[in-house]
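What follows is a set of notes on a single structure, which appears directly below.
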Amino acid sequence: MATTANNARELAKKVREIICEEWQVAEGSLYSAVIYQRLLEEGVEVPGYQMSAVLNAFKVGSLITASLRTQREEEVREHGDFLITSVHSELCNSS
């Protein structure tokens, strides 16, 4: 069980890093699919619905503002299908 928690924490850390990098070049919005693609390119395993859970936690914690998109099941399972419209500075300034 600890391994699952560690993996979830590592995924959240990686998602945070990618959001902060991509937000610097984003023009006011960032699709969760972009983050998901970067994770895959970097060889990060993304269990079903895990990225959605991470983004929802960031949203609930007011670290990002995001809206749901089409809510197609495949996209939700893979990356949450979010459109991030703002990133709070605390997300990128915390460790």
Got a second to check how far Gln50's CD is from Glu78's CD, nearest 0.5 Å? 14.5 Å

With sequence neighbours left out, what residues match Ser62 under side-chain contact (heavy atoms from CB on, under 4.5 Å)? none

Partner set under ring pair (Phe, Tyr, Trp, His ring centres under 6.0 Å) for Phe58, not counting sequence neighbours: none

With sequence neighbours excluded, residues passing side-chain hydrogen bond (donor to acceptor under 3.5 Å, both in side chains) with Ser29: none

Using 0.5 Å steps for rounding, measure from the CD1 atom of Ile64 to the CD1 atom of Ile19. 5.0 Å

Nonpolar side-chain network containing Val60, other nodes, edges under 4.5 Å: none

For residues 46-71, the salt bridge (charged side-chain N to carboxylate O under 4.0 Å, His left out) pairs (sequence neighbours left out) are Arg69-Asp81

Of all pairs that satisfy salt bridge (charged side-chain N to carboxylate O under 4.0 Å, His left out), the ones with a partner from residues 28-38, not counting sequence neighbours: Glu21-Arg38, Glu22-Arg38, Arg38-Glu42

As a test of understanding, state which of Val46, Asn56, Val44 forms a side-chain contact (heavy atoms from CB on, under 4.5 Å) with Met51. Val46

Linked, directly or transitively: Tyr49 and Tyr36 (ILVMFWY side chains, under 4.5 Å): no

Testing the basics here: between Val87 and Cys92, what is the closest heavy-atom pair and its distance to 0.1 Å? CG1-SG, 4.1 Å

Linking I/L/V/M/F/W/Y whenever their side-chain heavy atoms sit closer than 4.5 Å, directly or via other members, would Leu83 and Leu63 fall into one cluster? yes

Could you give the distance from CG (Leu91) to CH2 (Trp23), rounded to the nearest 0.5 Å? 11.0 Å

So CG of Leu39 and CD1 of Ile18: to nearest 0.5 Å the spacing works out to 4.0 Å

Verify side-chain contact (heavy atoms from CB on, under 4.5 Å) between His79 and Ile35, making sure each step is shown before the conclusion. CA-CA 8 Å; His79 55 76; Ile35 301 161; over 6 Å; no

Show the numbers, then the answer: is there a side-chain contact (heavy atoms from CB on, under 4.5 Å) between Val76 and Leu68? CA-CA 9 Å; Val76 172; Leu68 297 171; over 6 Å; no

Closest non-hydrogen contact found for Gly80 with Ser52 is CA-CB, 3.7 Å

